[in-house]
Amino acid sequence: MQQPQLQPRLRARTFLHAAVKLNPRRNPFLLRRPAASAGGAVAGVQLTVSDSELSSRGFAVRRTAEGLDVAALNEVFARVGFPRRQEERLRRALEHSEVAWLASEATGRPVAFARAAGDGVFNAVVWDVVVEPSCQGLGLGRAVMERLVAELRRKGVGNIVLYAEPRVVGFYRPLGFAMDPDGIRGMAYYRSKQNQKQQ
């Protein structure tokens, strides 16, 4: 099957934040739980599709990086317009991340993926949310994000943030993410060539 050719996208990112507090009346930007569904709840996060339903559709749910074909994941990154990663560095990143991904039961290759890095107690940042282009629109991105957030919540992580390109902000809002809650602004450190020369 020939993969569609994608145009490179702009790298503008928007800071999204899911603040999970104990008192929902004090903060209007809580990680809101999606409406009840037949999927069931995991760690207080409602799943819209169960693991068994995904399996019946030919997708195996994975919650660790064990068995993940890093080269195949890099191919998915490239097909969605993300930069390819050095495989050894990507493996190291995975060792330090919470991971949720879906594999094609037919091939074992990743078709949807998300990871989060953080301290494992208070804070986590979601990275690398991707879905194989031929599988987009099937709810697989939502499925991996729900499972990733559920695992973080199960561990007690209350502050979950991510950066998103403006065109995908609408994907994250129904999952409970709010843009710039309480006036919080995301910042990123960039080393310019001028700063490097000064050091």
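Numbers here simply count residues along the sequence, with the first being 1. Nothing here was measured: the structure is a model prediction, and the numbers come from that model. Quick note: numbers below take in every heavy atom, side chains included, and nothing from hydrogens, waters or symmetry partners.
You'll find the side chain of Arg57 reaches within 4.5 Å of the side chain of Val49, heavy atoms only. Side-chain contact between Pro110 and Glu132 is absent, with no heavy atoms from C-beta onward closer than 4.5 Å. Using a 4.5 Å cut-off on side-chain heavy atoms (C-beta onward), Glu88 and Gln86 make no contact. Two residues are said to be in side-chain contact when any heavy atoms from C-beta on lie closer than 4.5 Å; Leu73 and Asp128 fail this criterion. Val80 is not listed as a side-chain neighbour of Val131, based on a closest heavy-atom distance of 4.5 Å or more. Put simply, the side chain of Arg153 reaches to within 4.5 Å of the side chain of Ile160, judged on heavy atoms.
At a threshold of 4.0 Å, the pair Arg62-Asp51 does not count as salt-bridged, since none of the basic side-chain nitrogens sits closer than that to a carboxylate oxygen. A salt bridge links Arg91 with Glu87: the closest approach of a Lys/Arg side-chain nitrogen to an acidic carboxylate oxygen falls below 4.0 angstrom. Looking at Glu151 and Arg154, a side-chain N of the basic residue comes within less than 4.0 Å of a carboxylate O on the acidic one, giving a salt bridge. In summary, Arg63 and Glu98 do not engage in a salt bridge, as defined by a charged side-chain N under 4.0 Å from a carboxylate O.
In this structure, Arg147 and Ala100 approach most closely via the heavy-atom pair CB-CB, 4.3 Å. Between Gly67 and Trp101 the shortest heavy-atom distance is O-CH2, 3.8 Å. Shortest non-hydrogen contact noted between Met145 and Ala114 is SD-CB, 4.1 Å. Shortest non-hydrogen contact noted between Leu140 and Val111 is CD1-CG2, 4.1 Å. Closest non-hydrogen pair, Val169 versus Ala164, comes out as CG2-CB, 4.4 Å. Summarising the geometry of Phe113 relative to Val99, their closest heavy-atom pair is CE1-CG1, 3.6 Å, with the distance given to 0.1 Å.
Between atom CG of residue Leu102 and atom CZ of residue Arg109 there is a gap of 15.0 Å, rounded to the nearest 0.5 Å.
Ring planes of Trp127 and Tyr163: parallel class, angle under 30° (limits at 30 and 60°).
Cation-pi geometry between Arg84 and Phe77 is not met: the NZ or CZ atom fails to fall both under 6.0 Å from the ring centre and inside 45° of the normal.
A continuous path of Ile, Leu, Val, Met, Phe, Trp and Tyr side chains, each step under 4.5 Å between heavy atoms, connects Val168 with Val149, placing both in one hydrophobic cluster.
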Working note: Val76 + Phe82, criterion side-chain contact (heavy atoms from CB on, under 4.5 Å); need CA distance, chi angles, decisive distance, verdict.
CA-CA 8 Å; Val76 177; Phe82 281 19; over 6 Å; no

